[in-house]
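For ligands, and for the atoms within them, numbers begin at 1 and follow the listed sequence.
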Amino acid sequence: MANFNLKVNGKKSTVTADDDTPLLWVLRDELNLVGTKFGCGIGQCGACTVHVDGVAMRSCSIPASRLEDSEITTIEGLANENLNPVQEAWKELDVPQCGYCQAGQIMTATSFLKQNPNPDNETIRNAMNGNLCRCASYNRIEKAVALAAKKLS
Ligand code: FES
Ligand code: FES
């Protein structure tokens with residue numbers, strides 16, 4: 001075990017974990033940020049997606065100890081007092097079913113729209129392809145990303 005410093009949602013914290021402890025478990029168990037979900041644990045489902053320096057990453061597959069110089073954002077840090085436009089689009093189109101995958105979906109969508117502000121449907125589908133949803137809410141997700149793009153333009 002070692003102590004190291006992380007900056008999560010703008011706040012610096014010192015955490016204690018093994019060098020190889022995935023960021024996901026540090027977020028959930030040390031920092032009580034439980035909006036980030038465990039799905040597969042092997043980088044295949046996207047449920048654990050967070051932003052590292054603005055880029056969507058799978059927190060189950062990155063050791064937290066490597067991120068001392070990074071800005072980490074979780075679903076809890078995405079909005080301030082108001083929902084961000086991606087969250088608003090999700091709410092407007094009533095996207096979630098059970099909800100388990102949705103934080104990861106929103107984190108992927110937000111990062112994607114920063115890099116692709118005006119995507120067509122196929123580009124949206126490809127970008128969201130790695131985020132699995134057991135409830136198959138894919139059509140609503142695609143529509144919500146398109147609506148969020150409009151809101152952001
Ligand atoms: S839990 Fe990380 S990708 Fe599935
Ligand atoms: S809403 Fe249930 S897993 Fe996606």
Side-chain angles (χ1 to χ4, degrees), residues 1-2 4 6-9 11 13 15-79 83-116 119 121-151:
M1 292 279 212
F4 48 92
L6 289 182
K7 191 169 177 195
V8 181
N9 300 334
K11 189 176 157 201
S13 306
V15 299
T16 306
D18 288 326
D19 276 354
D20 58 355
T21 301
L23 174 63
L24 172 63
W25 298 119
V26 171
L27 293 173
R28 291 183 58 88
D29 296 345
E30 292 274 318
L31 300 175
N32 201 28
L33 293 167
V34 295
T36 305
K37 302 299 187 204
F38 170 74
C40 63
I42 52 169
Q44 299 290 313
C45 76
C48 65
T49 304
V50 298
H51 295 172
V52 176
D53 297 325
V55 177
M57 307 268 288
R58 308 258 152 120
S59 64
C60 69
S61 303
I62 333 164
S65 60
R66 288 198 206 147
L67 301 174
E68 284 204 289
D69 298 323
S70 299
E71 298 266 350
I72 299 158
T73 306
T74 69
I75 191 73
E76 290 90 346
L78 208 55
L83 296 179
N84 83 358
V86 179
Q87 292 168 307
E88 275 172 13
W90 244 249
K91 196 173 162 195
E92 226 169 288
L93 296 182
D94 209 5
V95 174
Q97 198 153 318
C98 81
Y100 197 84
C101 70
Q102 298 291 333
Q105 305 279 4
I106 288 171
M107 296 309 283
T108 297
T110 305
S111 162
F112 163 69
L113 286 171
K114 271 192 198 137
Q115 287 147 21
N116 299 272
N121 286 348
E122 193 183 344
T123 312
I124 294 172
R125 217 170 301 137
N126 289 338
M128 300 304 295
N129 195 24
N131 281 73
L132 305 185
C133 174
R134 286 173 295 183
C135 304
S137 63
Y138 299 115
N139 285 341
R140 292 195 301 279
I141 288 169
E142 191 179 316
K143 285 182 186 151
V145 177
L147 178 59
K150 272 193 204 144
K151 286 177 181 291

[Y] side chain reached by [X] side chain, heavy atoms, under 4.5 Å:
{"X": "Y138", "Y": "L132", "value": "yes"}
{"X": "L23", "Y": "T36", "value": "no"}
{"X": "W90", "Y": "V145", "value": "yes"}
{"X": "L33", "Y": "R28", "value": "no"}
{"X": "R140", "Y": "D94", "value": "no"}

*What is the total of protein N/O/S atoms that are closer to atom 2 (Fe) of ligand 1 than 2.8 Å?*
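Protein N, O or S neighbours of atom 2 (Fe) of ligand 1 under 2.8 Å, waters not counted, come to 2.
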*Below 2.8 Å of atom 4 (Fe) of ligand 2, tally up the protein N/O/S atoms for me.*
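Count of protein N, O, S atoms less than 2.8 Å from atom 4 (Fe) of ligand 2: 2.
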_Whether the side chain of N131 engages the backbone of G104 through a donor-acceptor N/O pair (distance < 3.5 Å, no angle test) should be reported._
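Between the backbone of G104 and the side chain of N131 there is a qualifying donor-acceptor contact (under 3.5 Å).
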*Judged by modelled atom types alone, do S137 and Q102 share a side-chain donor-acceptor pair under 3.5 Å?*
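Per modelled atom types, S137 and Q102 side chains form a pair under 3.5 Å.
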*Calculate, to the nearest 0.5 Å, the distance between atoms OG and CD1 belonging to S13 and I72 respectively.*
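If we round to the nearest 0.5 Å, S13:OG and I72:CD1 are 9.5 Å apart.
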*asked:* salt bridge (Lys or Arg N to Asp or Glu O under 4.0 Å), that's the test. Do K151 and E92 meet it? Break it down for me.
replied: CA-CA 12 Å; K151 286 177 181 291; E92 226 169 288; 2.7 Å; yes
